[in-house]
There are 2 protein chains.
Amino acid sequence: MSVPLYQAKAEMFRTLGHPVRIRVLELLQDGPRPVRDLLAEIDVEASNLSQQLAVLRRAGIVTSFRDGALVMYALSTPDVADLLAAGRRILGAVLTDRDSLLVELRRQK
Amino acid sequence: MSVPLYQAKAEMFRTLGHPVRIRVLELLQDGPRPVRDLLAEIDVEASNLSQQLAVLRRAGIVTSFRDGALVMYALSTPDVADLLAAGRRILGAVLTDRDSLLVELRRQK
DNA sequence: GAGTGACTTGAAGATTTTTGCAAGTCCGAA
DNA sequence: TTCGGACTTGCAAAAATCTTCAAGTCACTC
């Protein structure tokens, strides 16, 4: 194995660690979409979106194909949706912990 | 909401996107551990490990407490294990895709 | 085959992360 | 109360990312 497994995992997660890339993946959960659609929803420059799509493509998380004049993107595996869901759960857990702390702090004062 | 949800998600994933931090989380899946143990397993300078632990702590993914002379770390929620598992699955999917591509390439030549 | 919309690429500057060292803090033992 | 082990913190240099602009490709339509 040339790259240690934990490093490959880290790269995977780091790939998801960007707001635009997260939004793209969320949009792609509903099925393939042309860049034009993504661009209409995400509020970022076309070239920037393209760069972020390239990052996802290089990581193998999405795939792209041309359909006439449009370029379509799709999740390369539906497992991605699970990952996003798991992320959401943790965020929920962490934020409620934070909130209870906040509530406690307020009580002490 | 001060921080858009997708940005909070991105930060979450970014937090996991570092080899040392991934290893720490994997080790903590089996229960709380003192820094000393982590240090023995991870091959990184103490100060570096400490910095990475601080990143995880700030994100609310782990918690720490002192036990005599030792500082212990633990996952703040067991959900983290799910996330790591989901990551593993995707990595598997992506890598087998890559491998089949490689095989195809080899065949063409 | 010129024009236009849809994207991608390359490169450079700005920003963020990572790393390692030096300098602490905290605790238990001697 | 001093020593040593266990960690953390503050920085600054080095490395990786992000963003944007200018230029380029590809596919339709006229």
Side-chain angles (χ1 to χ4, degrees), chain A residues 3-4 6-25 27-28 31-76, chain B residues 3-4 6-25 27-28 31-76:
Chain A
V3 172
Y6 54 83
Q7 182 157 347
K9 287 181 197 167
E11 275 165 29
M12 251 280 299
F13 285 118
R14 174 176 310 186
T15 299
L16 303 196
H18 187 288
V20 168
R21 297 197 294 260
I22 285 285
R23 297 214 67 193
V24 166
L25 295 178
L27 290 169
L28 293 185
R33 295 263 221 145
V35 175
R36 200 178 33 161
D37 275 22
L38 302 174
L39 201 50
E41 307 235 29
I42 300 183
D43 187 41
V44 71
E45 291 211 354
S47 68
N48 193 338
L49 178 58
S50 226
Q51 300 274 10
Q52 306 309 333
L53 289 171
V55 171
L56 291 170
R57 233 185 308 122
R58 261 178 257 132
I61 293 176
V62 304
T63 53
S64 67
F65 55 95
R66 190 174 265 280
D67 178 11
L70 303 183
V71 177
M72 308 284 295
Y73 275 82
L75 296 186
S76 68
Chain B
V3 173
Y6 54 83
Q7 181 157 348
K9 287 181 197 167
E11 274 164 30
M12 251 279 299
F13 285 116
R14 201 210 309 289
T15 299
L16 303 195
H18 187 288
V20 169
R21 298 197 293 261
I22 285 284
R23 297 215 65 194
V24 166
L25 294 178
L27 291 169
L28 293 185
R33 296 264 221 147
V35 175
R36 199 178 35 162
D37 275 22
L38 302 174
L39 201 49
E41 308 235 32
I42 300 184
D43 188 42
V44 71
E45 292 213 353
S47 68
N48 193 336
L49 178 58
S50 227
Q51 300 276 10
Q52 306 308 334
L53 288 171
V55 171
L56 290 170
R57 232 185 310 120
R58 261 179 257 130
I61 293 176
V62 305
T63 53
S64 66
F65 53 96
R66 189 174 267 279
D67 178 10
L70 304 183
V71 177
M72 308 285 294
Y73 275 83
L75 296 186
S76 68

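In this text, all values refer to a predicted model and were calculated from it rather than measured experimentally. Chain letters run A, B, ... following the sequence lines, proteins first and then strands; every chain starts at 1.
Between I22(B) and Q7(A) the shortest side-chain heavy-atom distance does not fall below 4.5 Å.
Rounded to an integer number of Å, the gap from CG of D43(B) to C1' of dT19(C) is 14 Å. In this entry the distance linking CG of L56(B) with P of dT18(C) reads 11 Å, nearest Å. The nearest whole Å value for the distance from the CZ atom in F65(A) to the P atom in dC7(C) is 12 Å. The CZ atom of R33(A) sits 12 Å away from the P atom of dC7(C) (whole-angstrom rounding). Between the P atom of dC7(C) and the CD atom of E45(A) lies a distance of 16 Å, rounded to the nearest Å. Put simply, CD on E11(A) is 8 Å from P on dT17(D), counting in whole angstrom units. Regarding D67(B), its CG atom lies at a distance of 18 Å from the P atom of dC26(C), rounded to whole Å. If you measure from atom CZ of R66(B) to atom P of dA6(D), you get 12 Å, rounded to the nearest angstrom.
Side-chain N/O atoms of Y73(A) include none lying less than 4.0 angstrom from OP1 or OP2 on dA6(C). Within the 4.0 Å cut-off from OP1 or OP2 of dC18(D), at least one side-chain nitrogen or oxygen of R21(A) is found. Put simply, Q52(A) has a side-chain N or O that comes within less than 4.0 Å of OP1 or OP2 on dT19(D). A close approach under 4.0 Å does occur between a side-chain nitrogen or oxygen of R14(B) and OP1 or OP2 of dT17(C).
Comparing atom distances between the R36(B) side chain and each of dA6(D), dT8(C), dT8(D) picks out dA6(D) as nearest. Counting only heavy atoms from C-beta on, V71(B) has its side chain closest to dC7(D) among dC7(D), dC21(C), dA6(C).
The structure places CZ of R23(B) at 13.5 Å from CD of Q52(B), a figure rounded to the nearest 0.5 Å.
Counting all heavy atoms, side chain and backbone alike, P19(A) lies closest to A10(B) at N-CB, 3.4 Å.
Under a 3.5 Å cut-off, the side chain of R21(A) and the backbone N or O of T15(A) do form a donor-acceptor pair.
Residue-to-nucleotide contacts include no donor-acceptor pair under 3.5 Å from the side chain of S50(B) to the base of dC7(D).
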Item to check | Stepwise side-chain contact (heavy atoms from CB on, under 4.5 Å) test for L16(B) and K9(A) | outcome: CA-CA 9 Å; L16(B) 303 195; K9(A) 287 181 197 167; over 6 Å; no
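The nearest heavy atom of DNA chain C to L70(A) and to Q51(A) marks one nucleotide each, and the one closer to the 5' end goes with L70(A). A residue-by-residue look at H18(B) and P34(A) shows that P34(A) has its nearest nucleotide of DNA chain C further toward the 5' end.
Base contact: N48(A) has a heavy atom under 4.0 Å from a base atom.
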